[in-house]
Amino acid sequence: MKLVTTLYRQFQHLVHEVAKFGLVGLLGLVVDLPIYNWLVFSNPLVLADSGEGMLHHKPLTAKLISTTVATVVTYFGNRYWTWRHRERSGLHREYVLFFVLNGIGLLIAAGCLAFSRYVLDLHTWLSDNIAANFIGLGLGTLFRFWSYRKFVFKEEIELDEAEHTPAPDSPAALDDSTGDLPAVR
């Protein structure tokens, strides 16, 4: 039990980020899924194949539209909740990088959808949703978490370290044996 507690403490921050990222991602899915299914199958409720939507023969275009709308929602969720503790590097830079990396995630989902539609010749609402919104979104989500954390919301703000490091000329920073400032290594 002590091992589990120790591991949790070491990875607590990452566990919380993953949980928040997952919740924001679910919100994005709630936005993406109905838009895609309405555009392709005239059914935003994703309950069954109810016909042909206005983009039935252009599922990749529909996926681009639905994912773009969801990306706007997830950017703000991730910036102001998931990674709010990380430094801000400018809205323009973050937003552009977020959209570029999300575009790569979209290509992953669209690739799975294209494979299902054009290689396997599957055209049902179930096959589209499994390919694009389960397999493609799952793989894209792994990429997104890694890349957003690495490139968009880069470094954590080092508040704890700054609060606990004594000033160079403070009594706490003096070498106890000589009373001098510690040597810089």
Query raised in the report: Between atom CG of Asn133 and atom CG of Leu137, what is the distance when rounded to the nearest 0.5 Å?
Result: 6.0 Å
Report summary line: Across all chains, not counting sequence neighbours, the side-chain contact (heavy atoms from CB on, under 4.5 Å) partners of Leu101 are Ile104, Phe143, Ser147, Tyr148, Phe151, Val152
Query raised in the report: Listed by chain and number, what are the side chain to side chain donor-acceptor pair (under 3.5 Å) partners of Thr71, not counting sequence neighbours?
Result: Asn102
Query raised in the report: Does any non-hydrogen side-chain atom of Leu97 lie less than 4.5 Å from one of Glu94?
Result: no
Query raised in the report: Got a sec, which residues hit side chain to side chain donor-acceptor pair (under 3.5 Å) with Ser127, two or more places apart in sequence or on another chain?
Result: Thr124
Report summary line: d(Cys112 SG, Ile135 CD1) to nearest 0.5 Å is 6.0 Å
Query raised in the report: Which residues satisfy the side chain to side chain donor-acceptor pair (under 3.5 Å) test with Asp128, sequence neighbours excluded?
Result: Tyr36, Arg117
Requested in this report: Tell me whether Val119 is reachable from Leu60 by hopping between hydrophobic residues (I, L, V, M, F, W, Y) whose side-chain heavy atoms are closer than 4.5 Å.
Outcome: no
Report summary line: Residues pairing under salt bridge (charged side-chain N to carboxylate O under 4.0 Å, His left out) where one sits in residues 57-77, two or more places apart or in two chains, turn out to be Asp32-Lys63
Requested in this report: Quick one: list whatever passes side chain to side chain donor-acceptor pair (under 3.5 Å) with Thr74, sequence neighbours left out.
Outcome: none
Query raised in the report: At what distance, to the nearest 0.5 angstrom, does NE2 of His57 lie from CD of Glu52?
Result: 4.0 Å
Query raised in the report: Are Ile108 and Phe99 linked, directly or through other ILVMFWY residues, by side chains that come within less than 4.5 angstrom of each other?
Result: yes
Query - Phe134 atom CZ: more than 12 heavy-atom contacts under 6.0 Å - result: no
Query raised in the report: Which value, rounded to the nearest 0.5 Å, describes the distance between Met54 atom CE and Phe41 atom CZ?
Result: 13.5 Å
Requested in this report: Using modelled atom types only, decide if a donor and an acceptor are shared between the side chain of Thr68 and the backbone of Leu64 within a distance under 3.5 Å.
Outcome: yes
